[in-house]
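All remarks here apply to the structure that follows.
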Amino acid sequence: MKEFVKEKVSDAVRELLGEDKVHVVERASFEKPKKKEFGDFATNISFLLARELKRKPFEIARELSQKLSELPEFEKVEVAGGGFINFTFSQDFYVKILKEVAETDFYVSDIGKGEKVLLEYVSANPTGPLHVGHGRGAVVGDVLYRAMKLTGYAPEREFYINDAGRQIKLLGVSIYARMKELKKENYPFPEDGYRGEYIKELAEKLLKERPDILELPEEEAVEIASEFGKRELLKEIKEDLKELGVEFDNWFSEKGLYERGEVERVLKLLEEKGLLYEKEGALWLKTTLFGDDKDRVVRRSNGEYTYFASDIAYHYNKMERGYEKAIDVWGADHHGYIPRVKAAVQALGGNPDWLEVILIQLVKLFKGGQEVKMSKRAGNFVTLRWLMEEVGVDAVRFFFLLKRHDTPLDFDIDLALSAKNENPVYYVQYAHARLCSILDKAKERGLEPSDDNLKLLSSEEEKELIIGCYLLRYELQAVASRREPHRLTYYLIDLASKLHRFYNKHRVMDESEKELSSARLYLINAVRKTIKIGLDILNVNAPRRM
RNA sequence: GGGCCCGUAGCUCAACUGGAUAGAGCAACGGACUUCUAAUCCGUAGGUUGGAGGUUCGAGUCCUCCCGGGCCCGCCA
């Protein structure tokens, strides 16, 4: 509908002011005004044209509106607020839109123009179970993926497995130490080892599988423990994600980068470009040439590569795979890391804007007014699994999208469990169930939805619903292009609210007005469909009964 | 000390990248069930958008400076 109005305005501008002014339409706003008096749609085009033509906005608006009011899709076109053009749609237009909603994939568009985008999210180290913060990133990435898919992008989903380096070694040592402990042998627990309960469980399990393990040389036993822990934890991570309804196209191994010599290769490439140097025994990348605060170490003086080194190789790999855009979803505590990775991308001949980073802010859990604490090191962190079991997957997914990704999220467990109106998940689901119930009941009474008399749907509430449904198309575009999946939950709450308002004011089924009833059934079926689609994109259930 | 993010109703957040009189939900108060699901709806109240300047037809949004809060600043990941 936005596209529609835009097109009509373009035509009018072309006719009245000439082809060379048409480009201004692209910069103009086209939106639904907050106030009903301002009609169904409004544009500020005349203000922009005024600047260019050095004429009064009001005059330009008046000329355009005269032209536009001739069109059958508009009931009236008015000038207000010094130059805003307000459009009021005709009943024919509502009928047309409603049919589109009911009968087509109206929410699918192609603003992405087939852009190949690699979405990387979660990417948790396989050194422990997923915590709630990972879950938030997972849902953000997952819903963004679905929205991009529906708006014409060509996204792919990837999980980067940090299965190399110190952390994994530390995991092995931690398990080893716990095994020693179980056998009452003296062995110091590593300083910054993983202290969570799950390490003890892994130790027990490994001892059962390999009773001889502690008789092996320590180094070999630790290696086995590392591999074992990594495998088990990755399995657990995959199970958790599956439970959460989050999937990936690729699981990309950091270790694989080393095994294929890609880290060596990318460093050689940087070397050839003269971007590496040695200092104090370490190897540094001149990231300062590309806007970073200081140069960064890629190989430590002890010969080990840094995490940064493999990350450079990883992003180079992404570039080589031909993605037009890479979007990484990271925890907000990594934000200081962005400049150096962007610098690395540039050092490799890429554009820093090729990489986009979405930062996920902290999730705090509240229960009974008390914060449920989490701290990975101490080992008493709140796992994603615990939360899913506590409140259910629907609530987890929906609640994670109740705030923009870069705002800290307070997750109210009591609220998520409450079957009351303040719980937004129920609010939206209830709207869906309510509609299904009416449609079922109509069938029993022999009433069928019909598009024969849709022009009878002329009340304020009905028009709001029709437009409201159609807006899903644009909300998805906003989700995808602005990378803001939380908009979808807000959209659904808003649509549900419109529905409830309609429901309380009008009766759908009225035996004495069969024509109006079947038109309303047609309408609410379209609303039901729209809510269902929205919930499907969120991967939240749309129950038929509650 | 340097850098990034944030500050909007009592609380939690919106505001379509500069548009019209800043909107919702909780919480508060007052109403609506012999009716298709009251897990709902309607109404009332609530604001100097942290503060001060600036840019322009127009600023919560952009610029500068203050005040307050969070995060990052390792040869950790």
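Residue numbers begin at 1 in each chain, while the letters A, B, ... track the order of the sequences.
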* Ionic contact status for A/Arg483 with A/Glu356, cut-off 4.0 Å -> yes
* Taking for each residue the nucleotide of RNA chain B bearing the nearest heavy atom, is the 5' side occupied by A/His506 or by A/Ala80? -> A/Ala80
* To do: With heavy atoms under 4.0 Å as the rule, sort A/Tyr490 into base, sugar-phosphate or nothing.
  => sugar-phosphate
* Do the side-chain N or O atoms of A/Tyr503 get closer than 4.0 angstrom to the phosphate oxygens (OP1, OP2) of B/A38? -> yes
* To do: Starting at atom NE2 of A/His486, determine the distance to atom P of B/G25, rounded to an integer number of angstrom.
  => 17 Å
* May I ask you to decide whether A/Glu63 forms a salt bridge with A/Arg55, counting only side-chain N to carboxylate O separations under 4.0 Å? => yes
* Asked: Salt bridge check: are A/Arg62 and A/Glu59 linked by an N-O gap of less than 4.0 Å?
  -> no
* Side-chain donor or acceptor of A/Thr306 under 3.5 Å from a matching atom on the base of B/C75? -> no
* N/O (side chain, A/Tyr426) to phosphate O (OP1/OP2, B/A39) under 4.0 Å -> no
* Roughly how far apart, to the nearest Å, are B/G60 and B/G54 at atom P? -> 15 Å
* Mark yes or no for a side-chain to base donor-acceptor pair under 3.5 Å between A/Asn86 and B/A20, with no hydrogen or angle criteria applied. => yes
* Nearest whole angstrom, please: distance from the P of B/G74 to the CG of A/Asp333. => 14 Å
* To do: Taking only Lys NZ, Arg NE, NH1 and NH2, and the carboxylate oxygens of Asp or Glu, determine whether A/Lys279 and A/Asp295 approach each other closer than 4.0 Å.
  => no
* To do: Mind calculating the distance between CH2 (A/Trp330) and P (B/C4) to the nearest angstrom?
  => 17 Å
* Asked: Aromatic rings A/Trp330 and A/His334: how do their planes relate, parallel, tilted or perpendicular, breaks at 30° and 60°?
  -> tilted
* Assign A/Ala478 to base, sugar-phosphate, or nothing according to its heavy-atom contacts below 4.0 angstrom with the strands shown. => nothing
* To do: Quote, to the nearest angstrom, the C1' distance that separates B/U17 from B/U61.
  => 8 Å
* Counting heavy atoms from C-beta on, name the nucleotide in B/C36, B/G19, B/C75 closest to the side chain of A/Ser301. => B/C75
* Asked: Looking at the angle O4'-C1'-N9-C4 for a purine or O4'-C1'-N1-C2 for a pyrimidine, is B/U61 syn or anti, with syn meaning within 90° of 0?
  -> anti
* Contact class for A/Ser29 vs. all strands (heavy atom < 4.0 Å): base, sugar-phosphate, or nothing? -> nothing
* Structure fact -> Per the O4'-C1'-N9-C4 / O4'-C1'-N1-C2 angle with a 90° window around 0, B/C33 comes out syn
* **Atom P, compared across B/A24 and B/C71: separation rounded to whole Å** => 34 Å
* **Separation between the C1' atoms of B/A9 and B/G47, rounded to whole Å** => 6 Å
* **Pair A/Glu262, A/Asn317: side-chain N/O donor-acceptor within cut-off below 3.5 Å** => yes
* Establish whether the base of B/G70 is bridged to the side chain of A/His335 by a donor-acceptor pair shorter than 3.5 Å. => no
* Which nucleotide in the set B/A15, B/A38, B/A77 lies at the smallest distance from any side-chain heavy atom of A/Arg434? -> B/A38
* Asked: At under 4.0 Å between heavy atoms, what does A/Glu304 touch on the DNA or RNA strands: base, sugar-phosphate, or nothing?
  -> nothing
* A/Ala433 near the nucleic acid: base, sugar-phosphate alone, or nothing, with a heavy-atom cut-off under 4.0 Å? -> base
* Asked: With a 4.0 Å cut-off, would you call A/Glu513 and A/Arg520 a salt bridge?
  -> no
* Asked: When we call it a touch if two heavy atoms are under 4.0 Å apart, what does A/Arg544 touch: a base, just sugar-phosphate, or nothing?
  -> base
* Does A/Arg487 put a side-chain nitrogen or oxygen below 4.0 Å from OP1 or OP2 of B/A15? -> yes
* Asked: Going by an N to O cut-off under 4.0 Å, is there a salt bridge joining A/Glu120 and A/Lys318?
  -> yes
* OP1 or OP2 of B/U37 less than 4.0 angstrom from a side-chain nitrogen or oxygen of A/Lys441, does that happen here? -> yes
Just the table, please: protein N/O against nucleotides 7-12 of chain B N/O, every pair under 3.5 Å.
| unit_1 | atom_1 | unit_2 | atom_2 | d |
| --- | --- | --- | --- | --- |
| B/U12 | O3' | A/Lys403 | NZ | 2.9 |
| B/U12 | O2' | A/Lys403 | NZ | 3.3 |

* Can you tell me which stems RNA chain B forms, taking runs of 3 or more consecutive Watson-Crick or G-U pairs with both distances under 3.5 Å? => B:1-5 with B:69-73, B:10-13 with B:23-26, B:28-32 with B:40-44, B:50-54 with B:62-66
* salt_bridge(A/Arg501, A/Glu461) N-O dist < 4.0 Å -> no
* Protein-nucleotide distance (A/Arg340, atom CZ; B/G3, atom P), rounded to Å -> 17 Å
* Residue mapping more 5' on RNA chain B - nearest nucleotide basis, A/Leu48 or A/Arg299 -> A/Leu48
* When rounded to the nearest Å, what value does the distance between C1' atoms of B/U49 and B/C6 take? -> 14 Å
* Stacking here means centres under 5.5 Å and planes under 30°; does A/Phe47 stack on B/G58? -> no
* With heavy atoms under 4.0 Å as the rule, sort A/Ala42 into base, sugar-phosphate or nothing. => base
* To do: Calculate the interatomic distance between A/Ile85 atom CD1 and B/G19 atom P; express it in whole Å.
  => 17 Å
* Asked: Quick one: A/Arg166 CZ to B/G74 P, roughly how many Å, whole number?
  -> 15 Å
* Asked: Can a side chain N or O of A/Arg300 be found less than 4.0 Å away from OP1 or OP2 on B/C76?
  -> yes
* Asked: Checking A/Ser46 side chain against A/Gly83 main chain: does a donor-acceptor pair fall under 3.5 Å?
  -> yes
* Base, sugar-phosphate alone, or nothing: which one does A/Lys294 contact when heavy atoms must sit under 4.0 Å apart? -> sugar-phosphate
* **Whether A/Tyr427 and A/His500 hold their rings parallel, tilted or perpendicular, with breakpoints at 30° and 60°** => perpendicular
* Counting distance only, does the side-chain N/O of A/Ser65 pair as donor-acceptor with the main-chain N or O of A/Ile85 below 3.5 Å? -> no
* To do: Look at A/Arg501 and B/C42 and indicate whether a side-chain polar atom (N or O) is within less than 4.0 Å of OP1 or OP2.
  => yes
* Asked: Tell me: CG of A/Asp311 to C1' of B/C76, nearest whole Å?
  -> 13 Å
* Looking only at atom P, what distance separates B/G23 and B/G46, rounded to whole Å? -> 14 Å
* To do: Measure from the side-chain heavy atoms of A/Gln167 and tell me the nearest of B/C75, B/C16, B/A77.
  => B/A77
* Structure fact -> Which of A/Tyr314, A/Tyr121, A/Trp251 passes ring pair (Phe, Tyr, Trp, His ring centres under 6.0 Å) with A/Tyr160? Answer is A/Tyr314
* Interatomic distance where CZ belongs to A/Arg296 and C1' belongs to B/C76 [whole Å] -> 13 Å
